[in-house]
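Comments concern the structure below.
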Amino acid sequence: MRRLPPMSAMRAFESAARHLSFTRAAAELCVTQAAVSHQVRQLEQWLGRSLFLRRGHTLALTHKGRAYLDELSLAFDRMAAATEQVRERKDGPLRITALPSFASRWLLPRLPTFRARHPDIEIKFSSSVQLWSGDDEFDLGIRSGLGRWPGLKADLIAREYLSPVCSPTLLQEQSVLAQPAGLTSVMLLHDEPRAAWRHWAELAGVSLDLDRGVQFSDAALVLQAAADGLGVALGRLMLAADDLRAGRLVQLFDQALPNDFSYWLVYAHATAQRPEAAAFRAWLLEAAHEHTGKTARQARAGTMLN
């Protein structure tokens, strides 16, 4: 008989140890931060030793914690691979789950090119911000993260950068927006995480009152609010690309903050063998490469995304 601690506790530790963050582990596992912390402490009590060194809000692994992480990650990968080998593959539409903001702002406007290239491939889309675990519900997932999903493959679609954007009308009305310091005089629109504005202000060397403004839970909503003239958003430039090129939004300054999270195509190892999934993957990565190449050329020309 194998003597093992609770699986939920091992999953919580493995995720928290990979991210060195209870907050990010909670987001990955779709539970609260308190639940992750409780599960980790439960595991430490079961093992009779500490796995983390806790210094304020900073986490570090102990020597035993690092060794345990390496073994657990390998074990989870093996379990996922074994599951894929015996799982019944279902025919039918290619089932894709994507972040709502990415789907509406970037993916769907480009989807006609995929349909023109592969008219016989049927697609079923679902939009959700919840983590997809790689189960049978979907074939492919498009998510934002660090690129580490245990037991799944992850292809980088594009890295994300943040920079202030607003409507052309607001820019004409607010001459103070010629300089970053002028942001103190206008309404700020906040996306998740709210701390991103603070990091951009540090990059630009300005001081902003970040307690004011309007908060949005979805990146597409904050861009729409900016295009409608409500205020200035710290826009995700990949999602804002079409609006910037069409002139519905303008990027105010050259300073662009790299986002910790990037966009990834996530899928089970066995899914890569399905022709429809392989075709969508190839098209998506090609479209993303074309987008990032065009963005880089415009940035070198000094036009950014306008």
Side-chain angles (χ1 to χ4, degrees), residues 7-33 35-36 39-40 43 51 59 61 65-66 68-87 89-90 94-103 106-107 124-160 192-193 219 236 238 258-274 276-278 280-285 288:
M7 179 63 73
S8 59
M10 289 191 290
R11 288 189 65 200
F13 163 74
E14 197 271 344
S15 180
R18 277 189 290 106
H19 294 298
L20 289 180
S21 168
F22 288 163
T23 301
R24 289 179 174 171
E28 181 176 277
L29 299 173
C30 297
V31 298
T32 65
Q33 180 179 347
V36 172
Q39 292 284 358
V40 170
L43 179 62
L51 299 171
L59 284 180
L61 286 166
R66 167 57 62 184
Y68 198 38
L69 170 63
D70 292 342
E71 292 297 331
L72 274 188
S73 294
L74 181 60
F76 284 146
D77 286 345
R78 287 176 174 172
M79 285 190 290
T83 301
E84 287 302 319
Q85 289 178 3
V86 300
R87 189 179 69 171
R89 195 182 81 178
K90 298 179 180 179
L94 184 64
R95 300 158 302 167
I96 301 172
T97 172
L99 294 167
S101 55
F102 185 88
W106 194 89
L107 181 60
K124 182 178 180 180
F125 266 107
S126 176
S127 63
S128 173
V129 297
Q130 298 299 318
L131 178 75
W132 175 55
S133 63
D135 58 23
D136 280 341
E137 187 175 0
F138 302 105
D139 299 302
L140 302 170
I142 297 175
R143 289 295 185 264
S144 176
L146 300 174
R148 297 191 292 265
W149 283 269
L152 299 175
K153 292 181 67 65
D155 295 324
L156 177 65
I157 298 172
R159 303 200 180 279
E160 185 62 280
E192 298 285 356
R236 300 170 187 264
M238 184 171 189
N259 195 356
D260 288 341
F261 281 19
S262 302
Y263 294 108
W264 299 84
L265 179 66
V266 185
Y267 51 94
H269 292 261
T271 302
Q273 306 304 317
R274 183 177 177 183
E276 297 89 344
F280 185 85
R281 173 186 177 275
W283 167 81
L284 177 64
L285 298 183

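Excluded from the calculations below are hydrogen atoms, water molecules and symmetry mates; all remaining heavy atoms, backbone and side chain alike, are included.
- Residues S128 and R143 have side chains in contact (heavy-atom distance under 4.5 Å, counting atoms from C-beta outward).
- In this structure, L107 and L284 have side chains that are in contact, with non-hydrogen atoms separated by less than 4.5 Å.
- In this structure L59 satisfies the side chain to side chain contact (heavy atoms under 4.5 Å, CB included) test together with F22, F52, R54, sequence neighbours excluded.
- Residues satisfying the salt bridge (Lys or Arg N to Asp or Glu O under 4.0 Å) criterion with D155, sequence neighbours excluded, are R281.
- Applying the salt bridge (charged side-chain N to carboxylate O under 4.0 Å, His left out) definition to pairs two or more places apart or across chains, those involving residues 15-27 are E14-R18, R18-E28, R24-D260.
- Side-chain contact between L152 and Y267: absent, with no pair of heavy atoms (C-beta onward) separated by less than 4.5 Å.
- Remark: F280 engages F114, W283 in a ring-ring contact (aromatic ring centres under 6.0 Å, His included) (not counting sequence neighbours).
- F102 pairs by the ring-ring contact (aromatic ring centres under 6.0 Å, His included) definition with W106, Y263, not counting sequence neighbours.
- Panel note: side chain E160, backbone M238; a donor-acceptor pair is recorded below 3.5 Å.
- Every residue two or more places apart in sequence or in another chain that forms a side chain to side chain contact (heavy atoms under 4.5 Å, CB included) with T32 is listed here: A34, A35.
- Taking CG from N259 and OG from S144, the interatomic distance works out to 6.0 Å, rounded to the nearest 0.5 Å.
- How far OG of S262 is from CG of L146: 8.0 Å, rounded to the nearest 0.5 Å.
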